[in-house]
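One structure below.
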Amino acid sequence: MNDLFTSSALPALIDLTRLPSLAPASVPDGDLDGWAEGAPSGTAAAQAQAQADRLLDGLNAEQKAAVLHRGGPLLIVAGAGSGKTRVLTRRIAYLLATGQARSSEILAITFTNKAAAEMRERVEALVGPRAKAMWVSTFHSACVRILRREAAHLNLKSTFSIYDTQDSQRLLQLCANELALDTKRFTPKKLAHRISNLKNELIDYETYSSQVSETNPVEAVTARVYALYQQRLAQAHALDFDDLIMQTVNLLQAFPDVAEHYRRRFRHILVDEYQDTNHAQYVLVRELTGVAADARRAGGLEPGELTVVGDADQSIYAFRGATIRNITEFETDYPNAATIFLNQNYRSTFNILRAANGVVSLIKGRKGKPLRTDNEDGPKVVGYVADNEHDEAQFIADEIDRLAKEYGIRPRDVAVFYRTNAQSRALEEVLVRVGLPYVVVGGTRFYERREIRDAVAYLRAAANLDDTVSVQRVFNVPKRGLGDRALAAAQAYAAGHGISFGAALAQVEDMPGLTARAVRAIGQYAHLLATLSEMAADGAGPAQILDFAMAESGYLAELQDSTDPQDASRVENLAELHAVASEFEQSTPDGTLADFLERVSLVADSDQLPPQAGTAEEAAAEAAAAAAAAEAGQVTLMTLHTAKGLEFPVVFVTGFEDGTFPHQRSFASEQELEEERRLAYVGLTRARQRLYLSRAEVRTTWGAPQYLPPSRFLENLPPEVMEWRREKGSSGALRPESWAGPVRTSYPGGGRRSTYHGPAAGREGGSGAQFGSATPRPAKDIPHLEVGDMITHDVYGLGTVVATEGEGLNAVARIQFREEGVKRILLRFAPVTKL
DNA sequence: CCAATTGTCCTTTTT
DNA sequence: GGACAATTGG
């Protein structure tokens, strides 16, 4: 390890005299926790160094090198399960313990707030109060803090609202209406996506407008909407998710003194999950390190220390602008950078790893080396082919039961992953039925529930009356007898007077075109908002304001008086929000309403995630794990995306069907398919001991049951690591014929179709059942198609017939699909219906 | 003029 | 099987 340390570190460019002393800044007082900032002294220094060196215990040579690296940017290419979080944590602790960095000089960026909280906890457990002033957060949270502090520079209220995707789309809908767009063609969703991409590339609307070709209608419209959207955001004193990054970059670039302040402040920047950063985030990091700014270096500011950690194989966020180039070109971007590879996997059994490597090995131009491990083979990876999603869920439930009985595995050790959130329903149904405790992470998140968003809209309005999206959201919630008419009148008035919607409401007396009833209703609403604003301005806490708003508006009463049983749980959710707000007031006494709202906007409720045990050294995490060990806990259900960075002893990855995973929408491009492949890799590598892969032959997606072929990813699993419990569903033989009468999986009135454990299942299991052997499909069932007919295909969706050939059993059609282009399809087998 | 009701699209993945 | 928009009845 010393070899690695001395050879890779200390590149020529680094001025040794400027490196901080290795000696710790303080005397260790028995244990690490006792350290306080102070002056170094002789023997104490040696002792402290010994303490610091203990941070290297249990690390392999590469990991040590990564912890010890000094001088110049460092790229750690860390394969799945190679202990990257551990290395990053130790590296920060080491910087602090040796006095190379003060905690106030550290900015560590993680992917989620949960990861940030855990990392902070672990570092604190290692070096105690020395870690106090460091920033550990996501890009977004860090940017909000900077923007709030520097709001004046940007002409922004420091209580600006933060718009999530839903809010942005609402505002875009308003903009689209205003511009009288064809919202069928330009949906808010698509517009949001386009604008988000532009922002990720740091292209502001002025630049974009000047670049677009007027003859391209999509670009021209996007430019107009983008401009209006930004104007509306500014009027609302709101920033969307992408603005948080882009505006921070703008700030740093436009105000050199501000930039310099933060560069001096954050001498050590560490970025986790670097493969998932987008261009804007890349530039932000570059601005903060000042490495690219030669001119500033001439001004006496040395470049900051930058450490990034990532794994190109786990890049799964390209859809949101992440670019692998940030990791593959790191050495070009930072010429004196060093790279350290961590390829040893400590997490998974060899069988699991071989399966994972198989899935990802096909990717073109893949640079990484396959992971290696000294771990034992472990049990084989279990495959299962279910008849349908309920059968799949039943298999999982039965298997969890069996594992509990035979190996004492607890629910908390088990995770079930799926590609899309919608897939969780079938799983939940079965888990409820068999009585297995479970928790769904993500999905319809707490903060996305309607009542929560309504309540938060009141709070936002209180903090920022100009927040038009929020003020309009609860304009008639609870019902105040205000409809489109009243809304339009107020909107017109606001536009005519150049004031915000919220401000306009106060002048309801002057508003033309309203009935007396509407005037009264708006007046009451305006009064309520004014009162809430005053409370917020007087420093009332979020819980107090929430209480008042819910009571005074009649929102709570409306829910309580309702007979809809759903509304009862809404009341409970509001109580939960109130509890969160109260807890916030207690834990952060000087936290403002804006602070609370920031947390609500940026913190996905990842608190539900089980604490990750794994690394042994972190006292706090260890204690928590030990305390929880007695509990059986809950099975964790989540999407594959959410699973990134986690690990579980037992993992089920479901839905291995072409169309589900890889998702149908990714068929269009090679890049997207590769991203799906990496997603599979991420899923498989979450497992420590046991891995299960399943698919359903028939899956019911919104209404209609669909036959789906096996996922192409399954073909790349090395057969020797697989144990197929069931290779065909009992509907398998039916497949080619099944089209005439698709399996009925809808069950009216909640009556559940029993899963197939009958003789059919037994007969098919494992034996080479002949594919459609018995009766060739009767000719009458083959749809007769002519050019121009519209059809739907179970896998490819809507299509138009562009050519036909052959007759009867051999009839073939060329069909133009929306996503897929033209396909040649043998009608005898294809799941096609004529429309 | 508003509110409940019927139709329509739909679904990736998320900070 | 759900969110949300246009539609119709009150």
Side-chain angles (χ1 to χ4, degrees), chain A residues 109-116 137-144 162-166 168-170 173 177 183-184 187-189 192-193 196 200 240-245 273 276-278 280-281 315-322 417-423 425-426 441-445 447-450 476 479-489 513-518 521 566 598 601-606 638-644 655 659-668 672 675-676 678-680 682-683 699-704 745-748 750 797-798 819:
Chain A
I109 305 280
T110 56
F111 193 73
T112 63
N113 285 288
K114 178 74 195 305
S137 73
T138 61
F139 273 108
H140 293 265
S141 298
C143 286
V144 170
I162 299 166
Y163 280 6
D164 65 14
T165 319
Q166 235 183 81
S168 303
Q169 287 179 19
R170 250 191 154 86
Q173 178 75 58
N177 292 346
T183 46
K184 282 262 152 48
T187 62
K189 198 171 181 177
H193 190 241
S196 172
N200 287 337
D240 66 25
F241 273 9
D242 303 304
D243 278 335
L244 293 178
I245 313 287
E273 309 286 9
D276 288 323
T277 52
N278 61 34
Q281 290 165 336
S315 160
I316 54 174
Y317 282 97
F319 71 90
R320 145 184 140 183
F417 303 150
Y418 36 80
R419 179 63 182 75
T420 63
N421 282 306
Q423 288 167 250
R425 182 164 295 117
V441 179
T444 40
R445 273 177 267 261
Y447 290 109
E448 278 167 23
R449 287 163 207 264
R450 194 190 339 147
N476 192 35
K479 298 192 172 47
R480 302 185 169 88
L482 297 171
D484 296 344
R485 197 84 181 180
L487 182 68
L514 288 174
T515 62
R517 220 166 55 161
Q566 256 202 324
E598 171 196 330
S601 314
L602 295 180
V603 178
D605 47 348
S606 45
M638 63 182 123
T639 65
L640 286 150
H641 283 86
T642 313
K644 192 177 70 163
T660 307
F661 187 32
H663 195 273
Q664 210 180 119
R665 300 273 293 239
S666 68
F667 290 169
E672 283 179 74
E675 179 149 321
E676 299 277 309
R678 289 193 295 266
L679 191 56
V682 168
R699 192 173 286 279
T700 305
T701 9
W702 63 89
T745 42
S746 58
Y747 24 84
L798 273 181
E819 311 280 352

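Here is how names work: the chains are called A, B, and so on, in the same order as the sequence lines, proteins then strands, and each is numbered from 1.
Contact check, A/Lys189 against B/dT11: a side-chain N or O comes under 4.0 Å of OP1 or OP2. Contact annotation: A/Thr642 reaches the phosphate of B/dT14 (side-chain N/O to OP1 or OP2, under 4.0 Å). Contact annotation: A/Asn278 does not reach the phosphate of B/dT15 (side-chain N/O to OP1 or OP2, under 4.0 Å). When the side-chain nitrogen and oxygen atoms of A/Asn421 are compared with OP1 and OP2 of B/dT11, none of them lie within a distance under 4.0 Å.
Here the side chain of A/His663 is nearest to one of B/dT14, B/dT15, B/dT11, namely B/dT11. Taking the side chain of A/Phe319 as heavy atoms from C-beta on, and the options C/dA5, C/dG2, B/dT14, the nearest nucleotide is B/dT14. Proximity note for A/Phe241 (side chain, C-beta onward) versus B/dT15, B/dT13, B/dT11: the nearest is B/dT15. Distance from the side chain of A/Tyr317 is smallest for B/dT14 among the nucleotides B/dT11, B/dT15, B/dT14. In the set B/dT13, B/dT15, C/dG1, B/dT15 carries the atom at the smallest distance from any side-chain atom of A/Arg320.
Atom CZ in A/Arg699 sits roughly 19 Å away from atom P in B/dT11 (whole-Å rounding). One interatomic measurement links the two molecules: CG of A/Asn177 to P of C/dA6, which rounds to 9 Å at whole-angstrom precision. In this structure, the CG atom of A/Asn200 is 11 Å from the C1' atom of B/dT15, given to the nearest Å. Computed from coordinates, the A/Leu602 CG to B/dT14 P distance equals 16 Å when rounded to whole Å. With rounding to whole Å, A/Asp164 atom CG is found 10 Å from B/dT15 atom C1'. Here B/dT13 presents its P atom at 17 Å from CG of A/Asp276, a figure rounded to the nearest Å. Rounded to whole Å, atom C1' of B/dT13 lies 11 Å from atom CD of A/Gln423. B/dT11 atom P lies 18 Å from atom CZ of A/Phe667, rounded to whole Å.
A donor-acceptor pair shorter than 3.5 Å can be found between the side chains of A/Ser141 and A/Asn113. Of the N and O atoms on the side chains of A/Thr165 and A/Ser168, not one donor lies less than 3.5 Å from an acceptor on the other residue.
Applying the ring-ring contact (aromatic ring centres under 6.0 Å, His included) test to A/His140 and every residue at least two apart in sequence or in another chain returns A/Phe241. A/Thr420 meets the side-chain hydrogen bond (donor to acceptor under 3.5 Å, both in side chains) test with A/Gln423; sequence neighbours excluded. Taking A/Tyr317 as the reference, A/Phe111, A/Phe319, A/His641 meet the ring-ring contact (aromatic ring centres under 6.0 Å, His included) condition, with sequence neighbours excluded. The side chain to side chain contact (heavy atoms under 4.5 Å, CB included) search around A/Gln173 returns A/Asn177, A/Thr183, A/Pro188, not counting sequence neighbours. Take A/Asp242 and apply the salt bridge (charged side-chain N to carboxylate O under 4.0 Å, His left out) test, not counting sequence neighbours, and it matches no residue.
Using P as the reference atom, B/dT13 and C/dC4 are 15 Å apart when rounded to the nearest Å.
Residues A/Thr187 and A/Gln169 fail the side-chain proximity criterion, which asks for heavy atoms closer than 4.5 Å.
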Between protein and nucleotides 2-6 of chain B, what N or O pairs are separated by less than 3.5 Å?
from	atom 1	to	atom 2	distance (Å)
B/dC2	OP2	A/Arg485	N	3.4

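Mapped onto DNA chain B by nearest heavy atom, A/Thr165 and A/Gly513 fall at different nucleotides, with A/Gly513 at the one closer to the 5' end.
Nucleic acid contact for A/Glu672: base, since at least one base atom lies under 4.0 Å from a heavy atom of the residue. Across all strands, A/Phe139 comes closer than 4.0 Å to no nucleic acid atom at all (heavy-atom distances).
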